[in-house]
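Written below as structure tokens is the structure these notes are about.
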Amino acid sequence: MTDETSKPTDFIREAVAEDLRAGRFNTIRTRLPPEPNGYLHIGHAKAFLIDYLVARDYGGVLDLRFDDTNPAKEETEFVEAIQEDARWLGIEWEKVIYSSDFFELLYEWAKKLVEKGKAYVDDQSPEEVSRNRGTLTEPGVESPYRDRPVEENLDLLERMKNGEFPDGSRVLRAKIDMAHGNMNMRDPVMYRIIHEPAHHRTGRKWCIYPMYDWAQGQNDAMHGVTHSLCSIEYEDHRPLYEWFLNELEIPNPPRQIEFSRLNLNYTVMSKRYLRRLVEEGHVSGWDDPRMPTLRALRRRGYTPEAILDFIDRVGIAKSPTTSDIALLEACVRDDLNRRAERRMAVLKPLKLIIDNYPDGLVEELEAVNNPEDEAAGTRGLPFAKELFIEADDFAETPPPKYYRLYPGNEVRLRYAYFVTCTSVDKDADGNITAVHCAYDPATRGGDAPDGRKVKSTIHWVSAAHAVQSEVRLYDRLFTEESPDKDSFIEYLNPDSLQVLTGCMLEPSLAEARPGDKFQFERTGYFCVDSESAPGKPVFNRTVALRDTWAKIQQKSHASR
RNA sequence: UGGGGCGUGGUGUAACGGCAACACACCGGCCUUUGGAGCCGUGGUUCUUGGUUCGAAUCCAGGCGCCCCAGCCA
């Protein structure tokens, strides 16, 4: 939206455009503020994309700033993982910086507030601080140390920094208003003492670390952020954000704007819950394809384009809402429908024998790689007397509206021939072991010269040429639409992973590499898993195709 | 009985005083060598009550409902 005449599409862009127009800022700079204490999930993707795209749309830039103000929680491991995931999404930043880069200057600024009489060292215990904060309806009680002389505050602060006092013994607090209706304004803590562990970047240089509220706005000001975009729960931190900047007399202070975070049904998004899923072994790890993390989505076969599209379609607003995961699924289908080449793969094989087809003959038939993209070309498919078809594509006694193969019915084998079912083989227990058909040689390629039609086309794989594979069918992790409560483990979907072995793939799939994506015709979109190996292929189902037949079945079951 | 935010089909967003629009989902139909894709159509007293106005989703007042805040987390 570099076009000056185009209209902002949301309230954030409206505000940015207005700030530019009014001359409040000449250029735009936003920042990603992840805390390096976990893997990114799709909720982060929304925040990241807003920061990135808003800056880009208005000719500005983005900085990646790791919010490493709490050594007790942060690890270098995540610094790299976060960048990897953000890059995968296509996000570009000008520089990578850390809150810890600003520790020195931030400390100087804190002393300025102390000198102004706007901050003080409090010797109350954490329990006392908490008790004296008051409640939502009752004002807090001022600390007995609140009016300590400036010199004493400065001395104590310096000694806190130098490590003279134990953790929890003292804090630096802003002196605002203990009776404020907004709890954040009741003399918020600016610095607390933390000796252990060593900080992942500054080591043991600092014994005090800034709280989020104290670090955030000042860091923004220090590297020239103009718009500090964040999620809605920080809305009542904004008065504090502005209070610090105002007391420090920062010219052209950055502006904080909040938007509602992404919630998705049928999943959980909080770091705590995700960690429980991993630690309790409900999933195989942070990249288990059922997780909402970006690495999991990537392994599952989601494309960055699909995620971008999803975030775009969800939009930006301030209302607390939950988006439908069906929209995310629609976005991948949309993207993969255009891009993924089609292949034939039989997930639950049933042997089909064409009795009147010559023994030993192998024909090569031509198949279209992607009907949505002519440039994708065609490929050859070996066809022979013995094939595998999907077990679901045959019914000895067809239910109502079943168009597929059943005794006496004629169907098309995709790109091959019309076949009519003539008989069924069964084992001693009565299970169907093979179906026999007769083919019509005149229908080669799939069209009948006499113009007769079939109601159904089914996919197949030549038995002699098939590549065997494991296929992992993924479904929603939870059966409950809103599992976001402490008892969420109860709502885990027992069928969220179904592992199929002995699946039969067309031979061209033998060459597929991890990450390659295909549509298995009539089944869904699949991606070669990272654990896949030559000779032992593993495919993940990204998402099933829309299945009208499943709906018909559901309805007939429901009405029964 | 504190402060802040938010209420538009099932879901998420648009409409910035002038015919409530789009996407997903759903339901019907058309089309189809994927029961895919594509195409067409159905579905709303804009939380509520009152007010201002020729005219209100939009402005004003009251009510109701939902979300966030009492970490030395972010």
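Values reported hereafter were calculated over all heavy atoms of this structure, with side chains retained and with hydrogens, waters and symmetry mates removed. Convention: sequence-line order gives letters A, B, ...; per-chain numbering from 1.
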Would you please name every residue forming a side chain to side chain contact (heavy atoms under 4.5 Å, CB included) with A391(A), sequence neighbours left out?
K348(A), L350(A)

Pull out every protein N or O sitting under 3.5 Å from an N or O of nucleotides 39-43 of chain B, one pair per line with the distance.
none

Once each nucleotide of nucleotides 2-8 of chain B is scored for protein heavy atoms under 4.0 Å, what B/S/- sequence comes out, 5' to 3'?
BBSSS--

Where does RNA chain B form stems of at least three consecutive Watson-Crick or G-U wobble pairs, each pair having both distances below 3.5 Å?
B:2-7 with B:64-69, B:10-13 with B:21-24, B:27-30 with B:38-41, B:47-51 with B:59-63

Residues that S143(A) engages under side-chain hydrogen bond (donor to acceptor under 3.5 Å, both in side chains), provided they are two or more places apart:
D122(A), Q124(A)

Taking side chain to side chain contact (heavy atoms under 4.5 Å, CB included) as the test, write out the residues that go with D167(A), two or more places apart.
I193(A), H195(A)

Restricting to nitrogen or oxygen on both sides, can you table the protein-nucleotides 25-29 of chain B pairs closer than 3.5 Å?
residue	atom	partner	partner atom	Å
C26(B)	OP1	K551(A)	NZ	2.8
C26(B)	OP2	K551(A)	NZ	3.3
G28(B)	OP1	K555(A)	NZ	3.3
G28(B)	OP2	K555(A)	NZ	3.3

Partners meeting side chain to side chain contact (heavy atoms under 4.5 Å, CB included) with P33(A) (sequence neighbours left out):
R31(A), D51(A), Q216(A)

Going by the rule side-chain hydrogen bond (donor to acceptor under 3.5 Å, both in side chains), which residues pair with E164(A) if we only count those two or more places apart in sequence or in a different chain?
R159(A)

Partners passing side-chain hydrogen bond (donor to acceptor under 3.5 Å, both in side chains) against D177(A) (at least two apart in sequence or in another chain):
none

With Y302(A), which residues qualify under side-chain hydrogen bond (donor to acceptor under 3.5 Å, both in side chains), at least two apart?
none

What pairs meet the salt bridge (Lys or Arg N to Asp or Glu O under 4.0 Å) rule with one or both residues in residues 129-144 of chain A, with sequence neighbours excluded?
E142(A)-R146(A)

